[in-house]
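Structure record follows, encoded as structure tokens.
The first residue in the sequence is number 1, and the count goes up from there. None of these values were measured; they are calculated from a predicted model.
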Amino acid sequence: MNLDISLIPYGQISYVVPSLIKYFEKSEGWTKGRSGVDDIVRFVLTGQMQLWVVFDPTDSTIYGYVITEIKQYPKSKLFVIQYCAMESQHMRYVSDRMHETADRFARDMGCNGVEFFGRPGWEPHVKKYGYTAKSVVFEKYFDEVPK
């Protein structure tokens with residue numbers, strides 16, 4: 001299997017979103033209440049973030065998505081991978097292409113680099129692309145939300 005990744009032009013987003021809802025729902029679960037499907041869709045419809053689709057170029061079957069953001073920090077600009085979900089075990093079919101595309105797009109946008117947050121299990125998979133783990137996110141959730 002040989003998958004590809006493509007940036008969805010703004011005018012085509014509304015046509016693609018229905019095919020991605022099941023992946024957005026996966027991402028919603030991983031955010032632990034930080035973002036819902038409606039928020040994810042709003043980020044791309046408002047142009048705040050960019051929508052990329054992972055697909056099979058032979059038959060256009062969609063296997064997942066990536067949402068990115070160009071983030072301006074006080075002293076640098078980074079290409080940030082905010083959300084990513086796809087069919088189980090399919091990352092290996094698009095990983096090289098995805099990282100090449102991210103690097104090229106980031107450079108074209110004048111970014112100083114690429115960043116993303118992920119589970120510790122990502123580290124061995126992304127080291128070959130030049131990533132290093134610089135921090136760990138610690139989380140604590142309450143059983144009840146204060147009102």
Side-chain angles (χ1 to χ4, degrees), residues 1-73 77-109 111 113-129 131 133-147:
M1 179 174 273
N2 186 24
L3 300 180
D4 203 353
I5 184 166
S6 181
L7 177 64
I8 302 302
Y10 183 79
Q12 299 299 310
I13 292 172
S14 62
Y15 298 107
V16 176
V17 164
S19 303
L20 298 172
I21 295 298
K22 71 179 183 176
Y23 302 109
F24 293 162
E25 289 171 344
K26 279 186 185 182
S27 292
E28 177 181 42
W30 294 331
T31 72
K32 302 273 189 192
R34 289 183 190 94
S35 302
V37 171
D38 290 346
D39 301 307
I40 295 168
V41 171
R42 179 175 38 83
F43 294 146
V44 297
L45 288 177
T46 61
Q48 178 181 345
M49 297 182 187
Q50 303 83 39
L51 176 62
W52 304 77
V53 172
V54 175
F55 67 101
D56 184 335
T58 60
D59 64 7
S60 299
T61 300
I62 294 175
Y63 287 92
Y65 83 100
V66 176
I67 290 181
T68 60
E69 179 178 19
I70 306 297
K71 191 164 186 174
Q72 182 65 57
Y73 289 101
K77 181 164 68 169
L78 291 176
F79 180 69
V80 183
I81 300 170
Q82 294 287 13
Y83 301 93
C84 176
M86 63 186 69
E87 294 297 325
S88 181
Q89 305 299 315
H90 281 66
M91 179 63 85
R92 64 180 172 219
Y93 301 120
V94 73
S95 188
D96 289 342
R97 180 82 171 123
M98 187 169 77
H99 289 283
E100 291 166 11
T101 301
D103 287 355
R104 185 175 54 254
F105 188 81
R107 289 178 193 276
D108 289 349
M109 296 294 108
C111 295
V114 180
E115 77 175 2
F116 73 94
F117 294 91
R119 301 179 316 275
W122 275 93
E123 188 172 9
H125 302 286
V126 297
K127 273 188 171 183
K128 70 179 182 177
Y129 301 108
Y131 290 89
K134 293 293 182 190
S135 63
V136 176
V137 176
F138 296 93
E139 297 179 331
K140 176 181 178 180
Y141 285 91
F142 302 114
D143 293 333
E144 295 179 27
V145 178
K147 295 184 183 190

Please find the pair of heavy atoms, one from [X] and one from [Y], that lie closest to each other, and give the distance.
X	Y	value
Pro57	Asp4	CD-N, 4.1 Å
Asp56	Asn2	OD1-O, 4.1 Å
Leu7	Trp52	N-CE3, 3.2 Å
Gln50	Val44	C-CG1, 4.2 Å
Cys84	Met91	SG-CE, 3.9 Å
His90	Ser88	ND1-O, 2.8 Å

Of Phe43, Tyr65, Trp30, the one forming a ring pair (Phe, Tyr, Trp, His ring centres under 6.0 Å) with Phe24 is Tyr65
Kindly indicate, with the supporting measurements, whether the criterion side chain to side chain contact (heavy atoms under 4.5 Å, CB included) is fulfilled by Leu3 and Arg97. CA-CA 8 Å; Leu3 300 180; Arg97 180 82 171 123; over 6 Å; no
Got a second to check how far Cys111's SG is from Tyr73's OH, nearest 0.5 Å?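 The distance works out to 10.5 Å.
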Please confirm whether Tyr23 and Tyr83 have ring centers closer than 6.0 angstrom. no
Please say whether more than 12 non-hydrogen atoms of neighbouring residues, nucleotides or ligands are located less than 6.0 Å from CZ in Phe117.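 No, the 6.0 Å shell around CZ holds no more than 12 heavy atoms from other groups.
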If you count heavy atoms of other groups shown closer than 6.0 angstrom to CZ of Arg42, is the number above 12? yes
Under a 4.0 Å threshold between the charged nitrogen and the carboxylate oxygen, would Lys26 count as salt-bridged to Glu87? no
